[in-house]
Chemist: 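So that we are looking at the same thing, I have put the structure below in C-alpha cells.
Below, read A as the first sequence line, B as the second, and so on, with proteins coming before strands; counting in each chain starts at 1. Only a predicted model underlies this, so the values are computations on that prediction, with no experimental measurement involved.
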There are 2 protein chains.
Amino acid sequence: MTEYPVGATETTARVVEALAAGGETGVTELAEEIGLSKASAHNHLVTLQRLGVVVSEDGRYRLGLRFLDVGTTVRDRLPAYRAAREELTGLAESAGETVGLVVAEHGSAVYAAVRRPERNDRRVQTGSRLPLHATASGKALLSARSPEAVASYVEETTLAARTDRTIQTASALRAELRSVADRGLAFDRGEAFEGVRGVAAPVRAEGEAVAALTVVGPAARLSGKRLEEDLTGLVLSAAKRVELTLAE
Amino acid sequence: MTEYPVGATETTARVVEALAAGGETGVTELAEEIGLSKASAHNHLVTLQRLGVVVSEDGRYRLGLRFLDVGTTVRDRLPAYRAAREELTGLAESAGETVGLVVAEHGSAVYAAVRRPERNDRRVQTGSRLPLHATASGKALLSARSPEAVASYVEETTLAARTDRTIQTASALRAELRSVADRGLAFDRGEAFEGVRGVAAPVRAEGEAVAALTVVGPAARLSGKRLEEDLTGLVLSAAKRVELTLAE
DNA sequence: TCTACCTGTTCGGTAACAGTGAACGAGTCG
DNA sequence: CGACTCGTTCACTGTTACCGAACAGGTAGA
C-alpha cells in the first residue's frame, strides 16, 4: 500500500497547498514547484476551477474563498465554539489582549476563533496551528488526557522545539501537565514564540477537554500580577461560564 | 473529454461537500449519499484524514478545521480585505447593523468578512454565497462591469429567483445597474431573503469594483430615512475611505 | 450464548484514467 | 521578424481508482 489510497487527491492537495503558500501562480511555475508535468498541473488547476475552489485570471491561478465557506461551516458546528462565541468577545474586552478558542486536531492546537483588540500581530490568527506541547492552550488540552494518550502524543511529535523554552522531554511534559491539571490552568512563557506569553484554561465537557480559552500577548505586558492574577482569573471564569453553557 | 480532467479530485470534492453539508458521517452512509462504493468512499476518507483535512473518531468521520486555515490565509491576501478590515468594525458600530465585505467569485457574491452586532441571524455569515443579481453588494459589484460582461453573467446564471422581488429579466437588471452606477449605491429590498434589506457601495480600484461594503438587516429596521440617508451615507463614506486606503 | 445484522476495513481484478512528453497557438521582448 | 516565454491541447501507457465480495468487530435481540 502506498502512502495515500487515492493518489490523485494527494496531488490535488499538493496543488492547493502550493497555492495557499505562494498565492497567485502560473501553470509552469506551479508544475515545477510541486514536481509535476505541466499538463498534469494544468489538469488539476482546471478541475479545481470547475469545482469553484480556484479562480483564474488571464492565465494565472489563485485560490478562491470556498475554503472560507467550508471552514466557517465546520467551525459553526463545533459545540465549544457556539458556546464560547459571545464569551470570547467579552473576554477580549475585559482582558484587553488577543484571546482565542483553541481545539486539538491531529496533534496540533488549532485556533478556531481569535478576537484581537490590536491588529498588529499576525502570528496568531484563526486557523493557526501550533504544537500542543508548546502553547498554553495546547497544554490545557493535553492535561485532561490519559497518560497513555500523552505518551503516544510524545511519540508521534517527538516534542519538536520552537524556542529554547519549549518543553522537549517527556518527563518535563508530564510534570508540567500534572501542575496544569492541578490548577486547571496552563501558562506559556515564550515556548511557541520568543517574547510571547499566554494563559489558558481548558473547557471541559464530560471529562474531556473539548477546547481551551486562551489569552496571548507580548511578554512585556503579560507579566507579574496582571498575568498571574488578573488575566488568569478572567480566563478561568470565562472557561467556567463556557462549560456551563456547554452543559446546557 | 469529461467534465473534470481529474476525476478522482471531483470525487474527493463530492466527499468533502457531503461532509460539509451533513456533518459527521460513517463510511456506508457517505458511500450511499454520493453514490460510491463503500471501499472507494473509505479510500477517500482515509486519504483526507492522512492529509489532515478529515478527523476520525471511532469509525465516524468529520471535517477538521484545515479549511479554516487556508480560508483565512486566502482572505488575508485580498487587498480589499486588508484595506477594509478596520473600516468594517467601525461601520458595524456606527450602523448598528450587520455589515459585510463582499467580493465576486464564480458569479456569486461572497461574504469575505462579516461583523454582526446581533448574533441571531445566521443567514449571512463569512463565506456565504448569494447570486450577484439578488443582493445589494452583488449589484454594486456588477455595476462596474462592461455591458458584455453583464450579458455573459445573465447567460450563465439565468437570473435565478430567490424571492418574488428578485430581478429576473436582463432588461430589468440593466436598468437597475445603470441607476446603481449613477448613484454609486445599490439597494436590496427583500431580493435575496424575504424581509431582509440592504445597502451596498462598491469599492473601486483602477476602474474595477474589487469589493463592496454592505449593511444588511431586517426590513423593519432598514427603511425610510434611516436606510436611505443614514446608513446609505455611512456605507458610502466607509467605501470611499477603503478606496483611499487601497490606493495607498 | 448464539444468531443475525449492522458497522468499518481489507483484498484481487479490471477498465478507466492520471500523468508524461511533445506539439500547438498566442503573447512578448529584443 | 525571430526567439524566447507562457498556457493549452493531444495521443499514449502504466498506474490506479473504483468495484464487488469477503473479512473483522461490535451490538441487539432472543
Chemist: What's the closest nucleotide to the side chain of B/Thr28 if the choices are C/dG8, C/dG19, D/dC19?
Modeler: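 So the nucleotide nearest the side chain must be C/dG8.
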Chemist: Would you say A/Thr11 reaches C/dA18's phosphate, i.e. side-chain N/O to OP1/OP2 under 4.0 Å?
Modeler: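 No, no such contact exists.
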Chemist: Round to the nearest Å and state the distance from B/Gln49 atom CD to C/dT9 atom C1'.
Modeler: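 My rounded result for the distance is 13 Å.
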Chemist: Using atom CG of A/Asn43 as one end and atom P of C/dT20 as the other, report the distance to the nearest whole Å.
Modeler: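 About 10 Å, once rounded to whole Å.
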Chemist: Report the stems of DNA chain D as range-with-range entries sorted by first number; a stem here is at least three consecutive pairs, Watson-Crick or G-U wobble, both distances under 3.5 Å, and write none if there are none.
Modeler: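 Stem list for DNA chain D: C:1-24 with D:7-30, C:26-28 with D:3-5.
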Chemist: Below 4.0 angstrom, N of the basic side chain to O of the carboxylate: do B/Glu24 and A/Arg77 qualify?
Modeler: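 No salt bridge links B/Glu24 with A/Arg77.
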Chemist: Return the 5'-most residue of the pair A/Gly26, A/Thr9 with respect to DNA chain D, ranking by each residue's nearest nucleotide.
Modeler: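 The answer here is A/Gly26.
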Chemist: Round to a whole Å and report the spacing from CD of B/Glu29 to P of C/dG8.
Modeler: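 To the nearest whole Å, that distance equals 8 Å.
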Chemist: What is the distance, to the nearest angstrom, from the CZ atom on A/Arg60 to the P atom on D/dT8?
Modeler: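 So the two atoms are 12 Å apart, to the nearest Å.
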Chemist: Under 4.0 Å between a side-chain N or O of A/Tyr61 and OP1 or OP2 of D/dT8?
Modeler: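 Result: yes.
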Chemist: To the nearest Å, give me how far apart CG (A/Asp58) and C1' (D/dT8) are.
Modeler: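 Going from CG in A/Asp58 over to C1' in D/dT8 covers 15 Å.
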Chemist: Using 30° and 60° as the class boundaries, would you call the ring planes of A/Phe67 and B/Phe67 parallel, tilted or perpendicular?
Modeler: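 If you compare the ring of A/Phe67 with that of B/Phe67, the planes turn out parallel.
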Chemist: In this structure, how many angstroms lie between the C1' atom of C/dT9 and the NZ atom of B/Lys38, rounded?
Modeler: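 It is 8 Å, rounded to the nearest whole Å.
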Chemist: Checking A/Val110 against B/Asp69 for the side-chain contact (heavy atoms from CB on, under 4.5 Å) test, could you report, in this order, the C-alpha distance in whole Å, the side-chain angles of both residues, the deciding distance, and whether it holds?
Modeler: CA-CA 9 Å; A/Val110 185; B/Asp69 184 3; over 6 Å; no
Chemist: Atom CG of B/Leu30 and atom C1' of C/dT9: how far apart are they, to the nearest Å?
Modeler: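 Roughly 15 Å, once rounded to whole Å.
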Chemist: From the options C/dT9, C/dA18, D/dC6, select the nucleotide whose nearest atom is closest to the side chain of B/His42.
Modeler: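 The answer is C/dT9.
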Chemist: Considering only side-chain heavy atoms of A/Ala39, which listed nucleotide, C/dG21, D/dT8, C/dT9, is closest?
Modeler: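 In terms of side-chain proximity for A/Ala39, the closest of C/dG21, D/dT8, C/dT9 is C/dG21.
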